[in-house]
Protein chains: 2
Amino acid sequence: MPSSKTKHCLAFEHHDHRRCQSQLLSAARELCHSRNIRLTERREQVLQILLQSHQPMGAYEILGQLNRNPEASNIAPPIVYRALEFLLELGLVHRIECKNAFIGCVHPGHASTAQFLICKGCEKVAELDNPTTSLQQEASQVGFMIDHSVVEITGLCAECQAND
Amino acid sequence: MPSSKTKHCLAFEHHDHRRCQSQLLSAARELCHSRNIRLTERREQVLQILLQSHQPMGAYEILGQLNRNPEASNIAPPIVYRALEFLLELGLVHRIECKNAFIGCVHPGHASTAQFLICKGCEKVAELDNPTTSLQQEASQVGFMIDHSVVEITGLCAECQAND
DNA sequence: ATAAGTTACGTTATAATATAACATTATGCC
DNA sequence: GGCATAATGTTATATTATAACGTAACTTAT
């Protein structure tokens, strides 16, 4: 899974990545503190790895990052999956279903709904931020109680179309 | 994966299942014929299994069904995955990403877009039929060229809410 | 402060899902 | 028939995920 590729695509072209990361991390800490929930070191490590990458990562890729650290090596899959489960529950992280991968949430607050544009060219993923879609409204009207909803739109971003 | 559970939920309550199946199968045959594409026996077998179930099935579950047939047993995963790939491409089958499972399409024709209501209670899945969502329009307007889009709304159907 | 209860983490093994690579058979076309 | 292509078959293995059980850390009540 290439992670440092052609940075030429999708919504987050010009932004201060370090600042964005640290803001999201602070927000996560505050969220957990306010809810009296423990953002432990492990959980924070996993969140940081995802926020740094800013792109979807597989669980084993995250695991690799954790084990890159020479001290405290040899971490096993369940640890990553448990941290992810925690972060997903809080909406700090989303799962990109069509890639079996995970990505840090850029708009914490909408835990139960997310929409993504997924470029097949540069493999970048942009999170959109629509509070509620017409489909969700429709579902509710039919009496379906929504727990979680996912929209994944795959295709080619403008840049990648141009580069063909 | 329970497949014959509490049939009490979601959109397709009252319908003639056998008829629905055979209609979809005919439609598939016609589609392939008109496009001069081969709906081989294997591919048709897989399609039939999915249409019969009318619910999402894992690839290995399908495999199990194929191997249930005493003659011509011992079929291996790639065969199923290849048939699925073919059927997905044509939009005769959809992939339920959040379950890593596959389901026969009930509205062939919209190959590149599908929406599902997925009940956590009875595990049934209903396919909706909205041609285009506002999100897709939005994506297009941003210059994103959509290849495929997936909407998966998970929750509790009306029946399952009542049965709590 | 300590014992009891709970939550998080660590570890081992294994299950479930998916694909790579290559051999064989069938089909379409000249 | 002979050739090219497409589909299937086969073996092995990669990738993703979880079960089950043990240990450590934190929380709370006494």
Side-chain angles (χ1 to χ4, degrees), chain A residues 1-3 28-29 32-33 35-50 56-67 69 71-90 92-103 123 152, chain B residues 1-3 28-29 32-33 35-50 56-67 69 71-90 92-103 123 152:
Chain A
M1 287 192 185
S3 117
R29 283 178 180 146
C32 289
H33 187 257
R35 291 218 213 161
N36 210 20
I37 274 174
R38 293 169 54 202
L39 183 59
T40 62
E41 199 177 337
R42 275 271 172 264
R43 290 164 174 174
E44 198 174 299
Q45 278 172 12
V46 170
L47 179 58
Q48 289 216 41
I49 288 169
L50 283 172
M57 295 179 78
Y60 280 72
E61 207 179 344
I62 297 169
L63 189 59
Q65 288 288 327
L66 283 174
N67 282 334
N69 189 337
E71 43 167 325
S73 208
N74 259 29
I75 284 167
I79 287 177
V80 171
Y81 281 103
R82 284 193 288 233
L84 287 171
E85 184 181 19
F86 174 87
L87 297 167
L88 284 166
E89 179 101 9
L90 286 175
L92 296 172
V93 160
H94 295 294
R95 185 186 161 88
I96 306 290
E97 303 288 355
C98 66
K99 294 190 161 218
N100 292 340
F102 305 87
I103 190 170
E123 303 201 41
E152 298 181 1
Chain B
M1 288 192 183
S3 118
R29 284 178 181 146
C32 290
H33 188 258
R35 292 218 212 162
N36 210 21
I37 275 174
R38 292 168 54 201
L39 184 59
T40 62
E41 199 178 336
R42 276 272 171 265
R43 291 164 173 174
E44 197 174 302
Q45 278 172 12
V46 170
L47 179 58
Q48 288 216 42
I49 288 169
L50 282 172
M57 294 179 79
Y60 280 73
E61 206 178 344
I62 296 169
L63 189 60
Q65 290 287 327
L66 283 174
N67 282 333
N69 190 337
E71 43 167 325
S73 209
N74 260 33
I75 285 166
I79 288 177
V80 172
Y81 282 102
R82 284 193 288 233
L84 287 171
E85 185 182 18
F86 173 87
L87 297 167
L88 285 166
E89 180 102 6
L90 286 174
L92 297 171
V93 160
H94 295 292
R95 186 187 160 89
I96 306 291
E97 303 287 354
C98 67
K99 293 191 160 215
N100 292 339
F102 306 86
I103 190 169
E123 305 200 42
E152 298 181 0

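Per chain, numbering begins at 1; letters A, B, ... match sequence-line order. Since the model is a prediction, treat every value here as computed from it, not as a measurement.
- With sequence neighbours excluded, the residues forming a side-chain contact (heavy atoms from CB on, under 4.5 Å) with A:I103 are A:P56, A:H94, A:I96, A:F116, A:V125, listed by chain and number.
- When all heavy atoms of B:L47 and B:A28 are compared, the closest pair comes out as CD2-CB, 3.5 Å.
- Between A:A59 and A:V80, the closest heavy-atom pair is O-CG1, 3.7 Å.
- Atom-to-atom, NZ of A:K99 to P of D:dT15 comes out at 15 Å; the value is rounded to the nearest Å.
- Annotation: side chain of A:L50 is in contact with side chain of A:L84 (closest heavy-atom distance under 4.5 Å).
- We find that CD1 of B:I96 is positioned 14 Å from P of C:dT17, with the value rounded to whole Å.
- Taking atom CD1 on B:I75 and atom P on D:dT11, their separation rounds to 13 Å, with Å as the unit.
- Summarising the geometry, the separation between CD on B:E41 and C1' on D:dG9 is reported as 15 Å, rounded to the nearest angstrom.
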Protein-nucleotides 18-20 of chain C N/O pairs under 3.5 Å:
| residue | atom | partner | partner atom | Å |
| --- | --- | --- | --- | --- |
| C:dA18 | OP1 | B:R95 | NH1 | 3.1 |
| C:dA18 | OP1 | B:R95 | NH2 | 2.6 |
| C:dA18 | OP2 | B:Y81 | OH | 2.9 |
| C:dA18 | O5' | B:Y81 | OH | 3.3 |
| C:dA18 | N7 | B:Y60 | OH | 2.7 |
| C:dA18 | N6 | B:Y60 | OH | 3.1 |

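- To the nearest angstrom, C1' of D:dA17 lies 17 Å from CE of A:M57.
- Every residue two or more places apart in sequence or in another chain that forms a side-chain contact (heavy atoms from CB on, under 4.5 Å) with A:F86 is listed here: A:C32, A:I37, A:L39, A:R43, A:L90.
- Residues satisfying the side-chain contact (heavy atoms from CB on, under 4.5 Å) criterion with B:L88, sequence neighbours excluded, are B:V93, B:R95, B:F102.
- Between the C1' atom of C:dA16 and the CG atom of B:L63 lies a distance of 12 Å, rounded to the nearest Å.
- Residues that satisfy the salt bridge (charged side-chain N to carboxylate O under 4.0 Å, His left out) test with A:E44, not counting sequence neighbours, are A:R29.
- Proximity of B:Q48 to B:Q65: side-chain heavy atoms (C-beta onward) are nowhere separated by under 4.5 Å.
- With sequence neighbours left out, B:I79 forms a side-chain contact (heavy atoms from CB on, under 4.5 Å) with B:R42, B:I75, B:R82.
- A straight line from CD of B:E97 to C1' of D:dT16 spans 14 Å, rounded to a whole angstrom.
- Which of D:dA7, D:dT11, D:dG9 sits closest to the side chain of B:R42 comes down to D:dG9.
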Open item on the list: Treating primed atoms plus P, OP1 and OP2 as sugar-phosphate and everything else as base, which nucleotides of nucleotides 22-30 of chain C get B, S or - for protein heavy atoms under 4.0 Å?
Closed with: -----S---
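- Going from atom CD of A:E61 over to atom C1' of D:dA17 covers 16 Å, rounded to whole Å.
- Rounded to 10 degrees, the angle separating the terminal helix axes of the helix from C:dA1-D:dT30 to C:dC30-D:dG1, each built from five base pairs, is 30°.
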